[in-house]
Structure formats: structure tokens, C-alpha cells
Colleague: 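Dropping the structure in here first, questions after.
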There are 2 protein chains.
Amino acid sequence: MVSKTDRIPATERREQILEAATRVFGELGYAGATTDRVAKAAGISQPYVVRMFGTKEQLFIEVLERTCELIVAAFDRAVADEASDKPVGPRIGEAYVSLVETDRGVLLALMQGFILGHDPNIGPVARRGFLRIYDRMREVMTPDEAMRFMAQGMLINTLIASNLTVRIDQDERVDELFACTFGDKLGIVLEGLSRSA
Amino acid sequence: MVSKTDRIPATERREQILEAATRVFGELGYAGATTDRVAKAAGISQPYVVRMFGTKEQLFIEVLERTCELIVAAFDRAVADEASDKPVGPRIGEAYVSLVETDRGVLLALMQGFILGHDPNIGPVARRGFLRIYDRMREVMTPDEAMRFMAQGMLINTLIASNLTVRIDQDERVDELFACTFGDKLGIVLEGLSRSA
DNA sequence: GATGGTGGTAATCGACTGATTACTTCACGG
DNA sequence: CCGTGAAGTAATCAGTCGATTACCACCATC
């Protein structure tokens, strides 16, 4: 009972599934997510998801590697941006914050990978991804600057993951923390939130 | 088949289970952990764990609240420490790093709670805990300082959770990042690692 | 108009897991 | 010594989930 338009080349379908899985894993975590939810988010059946990637674990690993590539790519674009007159640090910062707005699932899925460091198969992939991002930072800043950037990024991830955004405009402490964390980029975040609401 | 010495008052047993559950949830996450693993870690049977806390979810919530209390208590001790001549910032930092060494499960369980912010029951508890810790920081430092401290803390949590410690002394980037993150407190961490090995 | 490869699903299985039930053992007060 | 409640477990159930199997629909091309 598949209409003609539902039949899509495997490579394209693969990307659809990865996109859906990024959102689902990002929200529910690796163990909390099910292949069926990924399938529903991608608009296909659960067995097809499993057959395309072999196992749930393999799917998550590919999601994780994809998120790292997306983040590194966003950083590269920010670094290479000749149009901006800002220093490279703030440019990368802005690139990361833009990800919060446009592709929250990427940040959350990355976070979910990091906390699986104990897993024998996923752990190494997560560590490799973390270091890949750290390396990219180190190419354009000092160790101390890179460390602070990673720290800021982890705080942002935590703020988004813990859903503290729901308390914006309702809790002074939250407003203060968000203003302090995002600085002049706060507008980008708030705009993204109002759009997704 | 219970020997006499295995019978323990409920309140005491309760604390044992919370302690074990903190470790198990910290390592495997909420969805990834099972009540049976918690039970085995606590040295009792699985049904007893469930009966003591009602549901797995309730157990996790109590674990989460306990971790926040432990962290806030550690901060309070650091702030009140009259013997030290250091400023309050580094004292709290040292208190947090000491937790990495002595009670890694606490930090990991906290992290696991933060990324469950979307959960209708656990999410509010996680946010409340986060803000409680932030409030404690704000009592002794500026918003910007508090934000940087939280960021640093989240980076530390991520480094521990992702198990990047296994690459210490094997990857120059990791050594650099750890040295930069922990600064003069690096010794505390390394000592804790060698002891747990 | 057979044939085979590609895209896809329905049905189902087996393992796992949270929760429930019913039971046992023990300490202690009257 | 009896009974009552607290501490604790074995057995088991019901639901969920990842994976497998067997199958269908479509299109190309010979």
C-alpha cells in the first residue's frame, strides 16, 4: 500500500532516516529512543530502519558521526567567512548558537553521545568526535581559549537539553543566566524559540 | 536464604540503594539502567528496589535530588571553610573537582538528569536542581562568574562522562585539554584515577 | 511477458524489564 | 509462645522493543 511518490532512492531515504534519528535520539537518548519512533519520524516502517543500518547501535553511531561533521562544517564556514570583520572566536560562537536555533537535534544528539563514553562500541566514536571538534578549535585559538569555548558549548547544550528555555520570561535567574551565556547572541536563540513555538 | 546480618533497617537500606542507583544511573543513564542492576549493585533483590521506591522513575528522581543536595552541601562547606586563604571561587572549584575524584557517580547522575529535560516528570526536577546549584553560586559571585563556573562544570562532566580519561598519557590533545581544564587541580583528578584503577 | 533487482511492509518472534503477587524469615512486645 | 509487623525473596506476568522472516509492488530491459 505504497503510493508511487513514497518510493525514494535508498541514498536519499538514508539521509531522511539520519535526520529523523538525530531528532529522536537527541530528545530521548540512545537507550530511550526506539527504532519504531525513528521510523515514524521518518515516515517509514520500523523494519526498514533496521535493515538500512543493521542495528540500532550502528544507526546511532552514524548519527553521531554525522552530527560531528555538521558542526565541524559549520565552524569551517565561520572561520572562512571573509565578509565578517569580527575576530574568529565570536564568529565560531555565533555559528554554534545558530545551530541551537536551526538544528537543535544535532547538539542534543552529540550530547547524548558524549554521555555514552562507557559504551564499548559507541564510546570511542564519541571521544573521536569530541576531539575532532576540539582540534578544529585549536587550529584557530589557544588551548585556553579552546577550552573555554568547549565549556561554553557544553553549558549551552545542557541549557537546551534540560529544557530550561521553558522558564525564560518566568524566572529571573533563568533570564539572567541566558543573557549571560549568550550575550549579544541571545536574540538569535530567542528568535529560534519563538519560531518553533 | 538471608543470613542474619543481611537484615538492615529500611532507612539505612534506602540510602544504600540510592548510593548504588547513583552509580548505575550515572553510568548507564535513566533508560539504559535497569532496576535489576541497581538491585545487584546494592546487594538485594530487584522487587525490593521497586517496592521501596514505587517506580524506577521515582527512584531516579530521588537520586537526582540527592545528588543536588550533595553538591550544594560540598559548595557550602567550601564557602564556609575559614581555614583557607584562597578566594571563594577557587575554593568552590576545588570542591567540585574533589567530587570528580571521590564520587564520580554524583556528577554523572546529575548530567543524566539534565539531558532528560523533556521528560514531563523528571524534567522539572532536573531544572529545579540546576537552578538550585546556580543560585548557590550566585550568592558568592557575579552572574558572569557563576555562568563561567557552570560552563566549566559542564565541561568537566562531559570529559568524565565521555570517558576521555582513558586517553590521558596517550593523546597529546587530551593531556593539553585536561591540563587546561583542571589547572592546578589536575593532580587531584589524576590521583583519583590512579586510585580507581 | 518473463525476470530480476530495488524499495518497502506486515507479521511475528524472542529477549528483556518493570511491576505484582505470594510467600518466607526474623525480631519483639504482651 | 504467640502473633504481628518489618525485611526480604522467588516466581511470574504483561508489555515493549530490536530483529528476522516472508512477502508485495514496481520498474527496467531483454
Side-chain angles (χ1 to χ4, degrees), chain A residues 1-64 109 112 116 119-122, chain B residues 1-25 27-64 112 116 119-122:
Chain A
M1 203 62 68
V2 182
S3 75
K4 192 183 294 185
T5 59
D6 286 350
R7 286 178 68 100
I8 285 175
T11 56
E12 198 173 326
R13 188 64 93 183
R14 197 184 175 81
E15 184 58 28
Q16 278 185 6
I17 298 175
L18 283 173
E19 215 170 299
T22 301
R23 271 180 282 123
V24 173
F25 279 131
E27 185 177 348
L28 303 175
Y30 171 64
T34 69
T35 54
D36 191 57
R37 287 193 70 140
V38 172
K40 286 202 166 47
I44 56 172
S45 69
Q46 180 262 345
Y48 196 25
V49 172
V50 174
R51 206 182 50 180
M52 180 89 75
F53 292 91
T55 65
K56 177 187 174 184
E57 188 181 65
Q58 187 58 34
L59 169 60
F60 185 76
I61 287 176
E62 296 200 22
V63 164
L64 203 52
Q112 299 286 358
L116 288 176
D119 185 283
N121 298 322
I122 300 176
Chain B
M1 201 64 68
V2 181
S3 75
K4 191 183 293 186
T5 58
D6 287 349
R7 286 178 70 102
I8 285 176
T11 55
E12 197 173 327
R13 188 65 93 181
R14 196 181 175 83
E15 184 58 28
Q16 279 185 6
I17 298 176
L18 284 173
E19 214 170 302
T22 301
R23 271 181 282 122
V24 174
F25 279 131
E27 185 177 348
L28 303 175
Y30 172 63
T34 70
T35 55
D36 191 57
R37 286 194 69 142
V38 172
K40 287 202 164 49
I44 56 172
S45 69
Q46 179 263 344
Y48 196 25
V49 172
V50 174
R51 207 181 50 179
M52 180 88 75
F53 292 91
T55 65
K56 177 187 172 184
E57 187 181 65
Q58 186 58 34
L59 170 60
F60 185 76
I61 286 175
E62 297 200 24
V63 164
L64 205 49
Q112 299 286 358
L116 288 176
D119 185 282
N121 298 322
I122 299 175

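No hydrogens, no waters, no symmetry mates; every other heavy atom, side chains included, goes into these values. Quick note on labels: first sequence line is chain A, next is B, and so on, each numbered from 1.
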Colleague: Considering only heavy atoms and no angle criterion, is a donor-acceptor pair shorter than 3.5 Å present between the side chain of B:Arg7 and the base of C:dA27?
Modeller: no

Colleague: How would you list, by chain and number, every residue that makes a side chain to side chain donor-acceptor pair (under 3.5 Å) with B:Asp36, sequence neighbours excluded?
Modeller: B:Lys40

Colleague: Please identify each residue that fulfils side-chain contact (heavy atoms from CB on, under 4.5 Å) with B:Ala42, with sequence neighbours left out.
Modeller: B:Ile17, B:Ala20, B:Ile44

Colleague: Can you pull out every salt bridge (charged side-chain N to carboxylate O under 4.0 Å, His left out) where at least one residue sits in residues 43-54 of chain B? Sequence neighbours excluded, please.
Modeller: none

Colleague: With sequence neighbours excluded, tell me which residues meet side chain to side chain donor-acceptor pair (under 3.5 Å) with B:Thr34.
Modeller: none

Colleague: In terms of ring plane angle, is the pair A:Phe60 and A:Tyr30 parallel, tilted or perpendicular, where the classes change at 30° and 60°?
Modeller: tilted

Colleague: Looking at residues at least two apart in the chain, or sitting in another chain, which of them share a side chain to side chain donor-acceptor pair (under 3.5 Å) with B:Glu19?
Modeller: none

Colleague: Using heavy atoms and a sub-4.0 Å distance, could you list which residues of residues 24-54 of chain A are near DNA chain C? By number, please.
Modeller: A:Ile44, A:Ser45, A:Pro47, A:Tyr48, A:Arg51

Colleague: Looking only at the side chain of A:Lys56 (C-beta and beyond, no hydrogens), which of the listed nucleotides C:dG8, D:dG18, D:dA7 gets closest?
Modeller: D:dG18

Colleague: Rounded to the nearest Å, what distance is computed from the CZ atom of residue B:Arg14 to the P atom of nucleotide D:dA6?
Modeller: 15 Å

Colleague: What is the distance, rounded to the nearest whole Å, between atom CG of A:Leu59 and atom P of D:dC17?
Modeller: 16 Å

